[in-house]
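Please read the structure below before turning to the comments.
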Protein chains: 2
Amino acid sequence: MYKPNFIHLLLTFCMTDNPDLKEFWEARPLMLPSVSIDCVIFGYYDNQLKILLLKYKNTDCYALPGGFINQDENLEDAAARVLNERTGLKDIYLEQFYVFGDKDRRFDATHHKLMNGSGIILKADHFLLNRFISIGYYALINFSKATPMPDVFSDSCTWHDLNLVPSLIFDHDSILEKALHTLRKNLDEKLIGPNLLPETFTMNEFQNLYETILGEKIARSNFQRKILGLHMLKRLDKKITGGAHKAPYLYCFDTKTASKP
Amino acid sequence: MYKPNFIHLLLTFCMTDNPDLKEFWEARPLMLPSVSIDCVIFGYYDNQLKILLLKYKNTDCYALPGGFINQDENLEDAAARVLNERTGLKDIYLEQFYVFGDKDRRFDATHHKLMNGSGIILKADHFLLNRFISIGYYALINFSKATPMPDVFSDSCTWHDLNLVPSLIFDHDSILEKALHTLRKNLDEKLIGPNLLPETFTMNEFQNLYETILGEKIARSNFQRKILGLHMLKRLDKKITGGAHKAPYLYCFDTKTASKP
DNA sequence: GTATCATTGTTACAAATTGATACAATGACT
DNA sequence: AGTCATTGTATCAATTTGTAACAATGATAC
């Protein structure tokens, strides 16, 4: 744990002598005031929809990955940067889904607790204690390609099963809920498969993804008929597995037809 | 036109001696920095979808009504206030549809031009010249109940037919486009009728509204079957009009069933 | 008063989509 | 070879949607 040494950083009014944190805080004047970003990062593995959560050091506080927007940075790029910092991935599917901006959207007590966990004492006029609006983005990523990485304030950055999510700090619970709701609503219009699935997959895996997102069962044969009717999949070789049954085909997305208008 | 008298307003760095404007500018420190709101206000009249536009004084610049967010004001309330200031209406249907926030979303030349139209010379470090992100809301209002009112910077606040909209300042063209796109997308889920139509209306008027928003014709009998099947309308008396044909029924929305889940 | 006409409310039927079920094919295991 | 779970496909019913027709009605023209 850091020992605060009461050096007063002119621009940021917090106390720390850790060089990483110092850099972090001193960069703040370059950011767009009042605005933050929160990312709901969805991954799919083991027939489960999962999201990436940070756990703050020396606390039991879980949070969505988030960050601020640099003055010379597009909103979308800031979200992509946050995502890249937590997963190592680039060129990821991102969708802005809502802005959260209640007048009492400030969380003084929690911010103090979180920073205390990293040995930082926030002064009363620290910018973190101001009101922020937060722009929500959700990302769909290929689970196996991501390398979750905690930030300087967190112990861990780990996947959580969607129906085993701990309660989150701030208003992150409702941000997550809204993200999930938007994902479900967009499921028929936006092509979510290529982002969440590996290169090749079976029809059963594809159906499981839909069922997991929608939270309901789909009749197998009807699903197959519908999906194949969209001509978005290319059928590949038979999969040779150890299952005591007929081997399923493998499919991949047909890039010629897989994009919808 | 105002004669700038070079009084320097400490907090706002613009030059004017008009008391209204002075109050306007001096209120700025209470606003949430970097964030603005733009409202696309839809009305429906004469079988046409219309939007409300401001025209800046002594310019040919048209703009969506917009404003800033007070520090102690919810985003939604700020949008409702902007709407109220331009139309006199309260308790209006409002939907947040997107946030626009490119890094080069700053419009120095246009801002100078707009303010010059009101006799104001903006200093180089005026807050208006900073980067702003803008949260887009669209509103659906009852055309006949609105009283369009220009603000201090504009000549006029008038309805414009959607297919006769002049080119707009800033990125307001693309904001309008996105609003319209979202409205169309939401048409099946959100109940837009009660907001755009008068208390009572004929089925034909209702269908015209849908056709206007979607930009395509709908088969009459199918529309009637579908709408009546939703049980959201109550049938009232026959309408007695001068039409040389069968008199249509009047309908109103059935408040018991008119809200969808 | 009667004929005409445009529009409305309703019905009838075809086409398409969706839901539910059945069945043959397959590949590993016993 | 027989069993078994799962897959790919076909079949038929139920529902929804597309298209067209038809009778009802209320003004106008004669």
Side-chain angles (χ1 to χ4, degrees), chain A residues 46-47 184-185 187-189 191 193 197-254 257 260-261, chain B residues 46-47 184-185 187-189 191 193 197-254 257 260-261:
Chain A
D46 191 24
N47 285 348
R184 283 183 179 147
K185 207 164 67 74
L187 192 54
D188 276 334
E189 306 174 41
L191 199 57
L197 289 172
E199 283 297 308
T200 64
F201 47 89
T202 65
M203 189 60 75
N204 188 34
E205 286 166 339
F206 195 28
Q207 180 176 345
N208 271 322
L209 171 60
Y210 266 71
E211 290 180 338
T212 305
I213 291 176
L214 293 175
E216 60 188 22
K217 288 284 167 194
I218 307 170
R220 185 180 58 86
S221 69
N222 296 337
F223 182 79
Q224 181 136 238
R225 176 177 58 190
K226 178 132 196 170
I227 295 297
L228 291 180
L230 297 175
H231 302 292
M232 48 194 259
L233 297 186
K234 240 188 342 212
R235 179 176 282 181
L236 307 174
D237 301 334
K238 282 270 183 180
K239 190 179 193 177
I240 304 150
T241 56
H245 49 72
K246 183 175 180 178
Y249 286 101
L250 282 175
Y251 297 86
C252 72
F253 286 94
D254 188 340
T257 59
K260 291 191 200 176
Chain B
D46 192 24
N47 285 348
R184 284 182 178 148
K185 207 163 67 74
L187 192 52
D188 276 334
E189 305 175 42
L191 197 56
L197 289 172
E199 283 298 309
T200 64
F201 48 89
T202 65
M203 190 58 78
N204 189 33
E205 287 167 338
F206 195 26
Q207 180 175 344
N208 271 322
L209 171 60
Y210 266 72
E211 289 180 340
T212 306
I213 292 176
L214 293 175
E216 60 187 22
K217 288 284 167 195
I218 308 171
R220 186 179 58 87
S221 69
N222 296 338
F223 182 79
Q224 182 136 228
R225 177 176 57 193
K226 181 132 193 168
I227 296 296
L228 292 180
L230 297 175
H231 302 292
M232 49 194 260
L233 297 186
K234 240 191 339 213
R235 178 176 285 180
L236 307 174
D237 301 334
K238 282 267 181 181
K239 190 179 192 178
I240 304 151
T241 56
H245 49 72
K246 184 176 181 177
Y249 287 102
L250 282 175
Y251 297 86
C252 71
F253 286 94
D254 188 342
T257 59
K260 293 191 201 178

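Chain letters run A, B, ... following the sequence lines, proteins first and then strands; every chain starts at 1. What you see below is based on every heavy atom in this structure, not just the backbone, and it leaves out hydrogens, waters and symmetry mates.
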A:Leu250 atom CG is separated from D:dT7 atom P, nearest whole Å, by 12 Å
Rounded to whole Å, CG of B:Asp237 lies from P of C:dG9 at a distance of 13 Å
Residues passing the side chain to side chain contact (heavy atoms under 4.5 Å, CB included) test with B:Glu205, sequence neighbours excluded, are B:Phe201, B:Thr202, B:Lys239
**Prompt:** Is the shortest heavy-atom distance from the side chain of A:Glu211 to the side chain of A:Asn47 under 4.5 Å?
**Reply:** no
Self-check item: Under 4.0 angstrom between B:Asn204 side-chain N/O and C:dT8 OP1 or OP2
Solution: yes
Here the distance between atom P of C:dT17 and atom CG of A:Leu230, to the nearest Å, is 11 Å
Taking atom CG of B:Asp237 as the centre, does the number of heavy atoms from other residues, nucleotides or ligands within less than 6.0 Å exceed 12?
no
When rounded to whole Å, the CD to P distance for the pair A:Glu205 and D:dT7 reads 10 Å
- [ ] Please examine the side chains of B:Met203 and B:Leu233, heavy atoms only from C-beta on, and report whether any two atoms are closer than 4.5 Å.
- [x] yes
To the nearest angstrom, the CD-P distance between B:Gln207 and C:dG9 comes to 11 Å
Self-check item: Any donor-acceptor N/O pair, B:Glu199 side chain to B:Cys252 backbone, under 3.5 Å
Solution: no
Contacts of B:Tyr251 meeting ring-ring contact (aromatic ring centres under 6.0 Å, His included) (sequence neighbours excluded), chain-then-number -> none
Of the candidates D:dT6, C:dG27, C:dT7, the side chain of A:Ala247 sits closest to C:dG27
In numerical order, the residues of residues 218-226 of chain A whose heavy atoms come under 4.0 Å of DNA chain D are A:Arg220, A:Ser221, A:Gln224, A:Arg225
For B:Gln207 and B:Ala219, the nearest pair of non-hydrogen atoms, with its separation, is NE2-C, 4.2 Å
Separation of D:dT7 atom P from A:Phe201 atom CZ, nearest Å, is 15 Å
B:Pro248 has its side chain closest, among D:dG8, C:dT10, C:dT8, to C:dT8
note: A:Tyr249, atom OH; D:dT6, atom P; distance rounded to Å ~ 19 Å
Separation of D:dT6 atom P from A:Lys246 atom NZ, nearest Å, is 14 Å
